[in-house]
Asks: 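Below is the structure I would like to discuss, written out as structure tokens.
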Amino acid sequence: MHELGIVFHIIRSVEQVAADNGLEKISAVVLELGEVSGVVPDYLTDCWKWAAAKEELVSGSELKIETLPAVTHCGGCGRDYPTVAHGRICPHCQSGNTWLLTGNEVSIKEIAAY
Amino acid sequence: MNQVRIIEVKQSVFADNDRRAAQLRRELKEKGIFLLNLMSAPGSGKTTTLTRTVELLKDEIKIGVMEADIDSDVDARAMAAAGVKSIQLYTGGMCHLDADMTRQGLDELIDGDVELAILENVGNLVCPAEFDTGAVKNAAILSVPEGDDKPLKYPLMFQVCDVVLINKIDVTPYFDFDLERCTEYIRMRNPDAKVIPICAKTGEGVEEWAGWLRQQVREWVTFS
Ligand SMILES: Nc1nc2c(ncn2[C@@H]2O[C@H](COP(=O)(O)OP(=O)(O)O)[C@@H](O)[C@H]2O)c(=O)[nH]1
Ligand SMILES: [Mg+2]
Ligand SMILES: [Zn+2]
Ligand SMILES: [Zn+2]
Ligand SMILES: [Zn+2]
């Protein structure tokens, strides 16, 4: 299960940040999730509730998800376009020589602690 | 009511694993152990290729195998039959292995002496690419029936690979698979990737792959 694995890694990163900053109780974790990261937000929050309940540091805390748009760059014409609407083929010049600029992020933006 | 503190983090969820993987790689270098991470979709031929590779290298290099693929019980027995120490990694239904899970497996595997440890990763082209296992080199297998455009659909996998094995070339006549086009797609994502066409079933091309691997192991172990 992909989302559960991600949740374990989030918790581990949060534990590290808590140790570095002397935090004892987390109230919320804000996650930035790229549109094409392959992670399903609803599954992620479900897994979070289940896994966070088992860790004193994060139990009862909220996982807030902010979605980041996916943008693809075209090597053919040098322009950028929204990935989700057009996929791998550039809508400006039909080139397939394209690559993702942003949109696969799974990163912790900030943590709120009591 | 307590004051709420906001701590700005701005860190990828994978960063912590990346650190642990780098640490594991350093330790492997000190111990003179080469770890290969073998990845592919389910059924592309990881186990068949491994078995062939082991046959070619086992007399000159001490090999150990870690199986994390779902039908790993069968695979572990195939390895034992090939005369190589193998263990199973229980992923607990997880879709990838991370550096810590790999480390646990290695601890169990290398109490004998192993120069080349091979990890058969979970059959999946998405998640294993995101989690650095601590391997010295990454290999991916892409089999002909999967189609030559797979590097476009799973760019990250092909980006993190040092070598791509194109397997099942014996069935090429039955599929619309263009080896040149596929190689081009791989190079678009990763200009440095080595591409080796093989047929794990008959052993065709496997010697070139085994030769590449032998060279990598020798360099890593000798200069450690
Ligand atoms: N035709 C053909 N079949 C192959 C080849 N290599 C593996 N297979 C078959 O593909 C199936 C899956 O192989 P396996 O090694 O178990 O794949 P894994 O799931 O990646 O470990 C098996 O039935 C193999 O016999 C090959 O080069 N050609
Ligand atoms: Mg297998
Ligand atoms: Zn996954
Ligand atoms: Zn374009
Ligand atoms: Zn993990």
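Note that this is a predicted model, so its numbers are computed, not measured. First the proteins, then the strands, lettered A, B, ... as listed; each starts at 1.
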Asks: Within the supplied structure, the quantity of interest is the number of heavy atoms (other residues, nucleotides, ligands) at a distance under 6.0 Å from B:Glu8 CD; does it exceed 12?
Replies: no
Asks: So if I take each residue of residues 100-111 of chain A and look for any heavy atom under 4.5 Å from a heavy atom in chain B, which residues do I end up with?
Replies: A:Val106, A:Ser107, A:Ile108, A:Lys109, A:Glu110, A:Ile111
Asks: With a sphere of 6.0 Å drawn around NZ of A:Lys64, does it hold more than 12 non-hydrogen atoms of other residues, nucleotides or ligands?
Replies: no
Asks: Ignoring hydrogens and angles, write down the donor-acceptor pairs under 3.5 Å from the side chains of residues 191-200 of chain B, residues two or more places apart or on other chains.
Replies:
none

Asks: For atom CD of B:Glu27, decide whether the heavy atoms of other residues, nucleotides or ligands shown that lie under 6.0 angstrom number more than 12.
Replies: yes
Asks: If you take all heavy atoms of B:Glu130 and A:Ser37, which pair is closest and at what distance?
Replies: OE2-O, 4.2 Å
Asks: Supply the atom-to-atom distance A:His9 NE2 to B:Asn17 CG, rounded to the nearest 0.5 angstrom.
Replies: 5.0 Å
Asks: For the residue pair B:Arg5 and A:Leu23, what are the closest heavy atoms and their distance?
Replies: NH1-CD2, 3.3 Å
Asks: With rounding to the nearest 0.5 angstrom, report the CD1 to CG distance, A:Ile10 to B:Asp16.
Replies: 12.0 Å
Asks: Looking at side-chain heavy atoms only, is the closest gap between A:Leu31 and B:Val13 below 4.5 Å?
Replies: yes
Asks: Would you say that more than 12 heavy atoms from the other residues, nucleotides or ligands in this model lie under 6.0 Å from the CG of B:Asp107, or not?
Replies: yes
Asks: Among A:Gly96, A:Ala112, A:Gly87, A:Ala113, single out the residue with the greatest number of heavy-atom pairs under 4.5 Å to chain B.
Replies: A:Ala113
Asks: About how many Å separate CD of A:Glu3 and SG of B:Cys95, when rounded to the nearest 0.5 Å?
Replies: 8.0 Å
Asks: How many angstroms lie between atom CG of A:Asn97 and atom CE of B:Met188, to the nearest 0.5 angstrom?
Replies: 5.0 Å
Asks: Determine whether more than 12 heavy atoms belonging to other residues, nucleotides or ligands lie under 6.0 Å from atom CD of A:Gln94.
Replies: yes
Asks: Heavy atoms only: give me the nearest A:Arg12-B:Asp100 pair and the separation to one decimal.
Replies: NH1-OD2, 2.9 Å
